[in-house]
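See structure below.
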Amino acid sequence: MRFDVITLFPDMFSAIKDEGVVARGIKKSLLSIHTWQLRDFSDNKYRNVDDKPYGGGAGMVMQVKPIRSCIKKIKQQAPSTRVIYLSPQGKKLTHQLATELSKFESITLLCGRYEGVDERIIEHDVDMEVSIGDYVISGGELAAMVLIDSVSRQLPAVLGNQDSLNDSFANELLDYPHYTRPEVIDDQRVPEVLLSGHQANIDQWRAQQALKNTQLKRQDLVNK
């Protein structure tokens, strides 16, 4: 799978390109990340890509021409790419959406800054807007990294153990509790069922605990 990222801060993406699950996927040639410095597509000597908003108001707005030129260049290399704008107005990123996106061959992520991008880009060039939550961050780069990580995990063989995909939200529930050695620490014991070796009982206990966890912490998921 190919990710292209349009950004003013391409160096930020070394965090996921060089470390962790995504980096392992890149080393296995299961995915690739290509960052594009938007200022390279500016048509003025100052490399500006933003201007004052029509109608007045605070902040600056990212211009159409540099973004459109960059998308055109990307599509020369990846004609089937889907363009996603990271926006608080977008569809909420969920496990189910990440799974759907993982079926695409190529995704282009547009990272906004300032007051966002000219609306004509959203109307004409963007296939989907995606939000990682109902809060404000300084730009789309962190949101893009979250999306890349969540989507990459769904690709076959990116994770060392595919059972790791059976995590929170995979079945609309939160995960069950996990324990490791030692068996007892500070008078706290591992539940006996996990030491029993009886897999059917363990599976049943984990299913019950997942439901209990979800009811306790995320009643909205239970209602859904």
Side-chain angles (χ1 to χ4, degrees), residues 1-7 10 12-36 38 67-68 70-112 117 121-134 137 139-176 207 210 214 218 220-221 224:
M1 185 172 191
R2 173 180 172 130
F3 294 97
D4 290 272
V5 185
I6 303 172
T7 173
M12 289 181 67
F13 289 84
S14 61
I16 59 171
K17 291 168 71 174
D18 298 340
E19 303 287 347
V21 169
V22 174
R24 292 201 298 271
I26 293 172
K27 289 176 182 177
K28 293 178 181 178
S29 299
L30 299 172
L31 61 102
S32 62
I33 300 175
H34 308 267
T35 54
W36 300 78
L38 186 59
I67 297 173
R68 190 162 286 166
C70 186
I71 291 174
K72 182 178 179 181
K73 184 73 172 179
I74 292 169
K75 287 189 173 182
Q76 290 175 356
Q77 300 182 18
S80 65
T81 194
R82 306 291 185 92
V83 180
I84 294 177
Y85 176 45
L86 286 311
S87 161
Q89 300 180 28
K91 183 176 182 180
K92 188 76 66 71
L93 180 61
T94 63
H95 178 83
Q96 288 70 31
L97 180 56
T99 301
E100 292 173 19
L101 295 178
S102 71
K103 295 176 171 57
F104 297 155
E105 291 183 2
S106 173
I107 292 175
T108 295
L109 300 172
L110 172 58
C111 302
V117 305
I121 285 291
I122 298 172
E123 293 173 350
H124 183 270
D125 302 89
V126 168
D127 297 303
M128 180 188 301
E129 293 180 79
V130 173
S131 168
I132 62 168
D134 296 336
I137 53 179
E141 285 78 13
L142 293 176
M145 285 185 249
V146 169
L147 187 147
I148 290 171
D149 188 282
S150 63
V151 171
S152 297
R153 289 172 54 85
Q154 307 306 313
L155 300 177
V158 167
L159 295 180
N161 184 349
Q162 287 303 105
D163 287 342
S164 297
L165 286 174
N166 297 321
D167 213 332
S168 292
F169 306 111
N171 57 1
E172 302 290 347
L173 297 175
L174 298 183
D175 205 3
Y176 51 79
T214 308
R218 290 290 303 274
D220 60 305
L221 292 176
K224 178 183 174 182

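Because only heavy atoms are used, hydrogens play no part in the values below, and waters and symmetry mates are left out as well, while side chains stay in. Sequence positions, counted from 1, serve as the residue numbers for this chain.
The pair D127-R82 does not meet the salt-bridge criterion, since no charged nitrogen lies less than 4.0 angstrom from a carboxylate oxygen.
Between I6 and the options V117, V83, I74, a side-chain contact (heavy atoms from CB on, under 4.5 Å) holds for only I74. When each of L110, V126, T108, L109 is paired with I84, the side-chain contact (heavy atoms from CB on, under 4.5 Å) condition holds for L109 and for no other. Of the candidates L101, L97, T99, V151 forms a side-chain contact (heavy atoms from CB on, under 4.5 Å) with just one, namely L101.
Proximity of V130 to L93: side-chain heavy atoms (C-beta onward) are separated by under 4.5 Å at one or more points. For the pair T81 and R2, the minimum side-chain heavy-atom distance is 4.5 Å or more. Two residues are said to be in side-chain contact when any heavy atoms from C-beta on lie closer than 4.5 Å; L31 and I26 meet this criterion. With a 4.5 Å cut-off on side-chain heavy atoms, L142 and M12 count as touching. Between S106 and D4, some side-chain heavy-atom pair lies under the 4.5 Å cut-off. Inter-residue side-chain proximity for D134 and K92 is flagged as met; some heavy-atom pair is nearer than 4.5 Å. By the 4.5 Å heavy-atom criterion applied to side chains, H95 and Q154 are counted as neighbours.
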Query raised in the report: Passes side chain to side chain contact (heavy atoms under 4.5 Å, CB included), K75 versus K72? Steps please.
Result: CA-CA 5 Å; K75 287 189 173 182; K72 182 178 179 181; 5.9 Å; no

Requested in this report: Could you walk me through whether I132 and L147 pass side chain to side chain contact (heavy atoms under 4.5 Å, CB included), step by step?
Outcome: CA-CA 8 Å; I132 62 168; L147 187 147; 5.6 Å; no

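Within a 6.0 Å sphere centred on CD of Q77, other residues, nucleotides and ligands contribute more than 12 heavy atoms. Counting non-hydrogen atoms of other residues, nucleotides and ligands closer than 6.0 Å to CD of E19 gives a total of 12 or fewer.
Rounding to the nearest 0.5 Å places CD1 of I148 at 4.0 Å from CD1 of I16. Of the inter-residue distances, the one linking H124 atom NE2 with I67 atom CD1 reads 13.5 Å to the nearest 0.5 angstrom.
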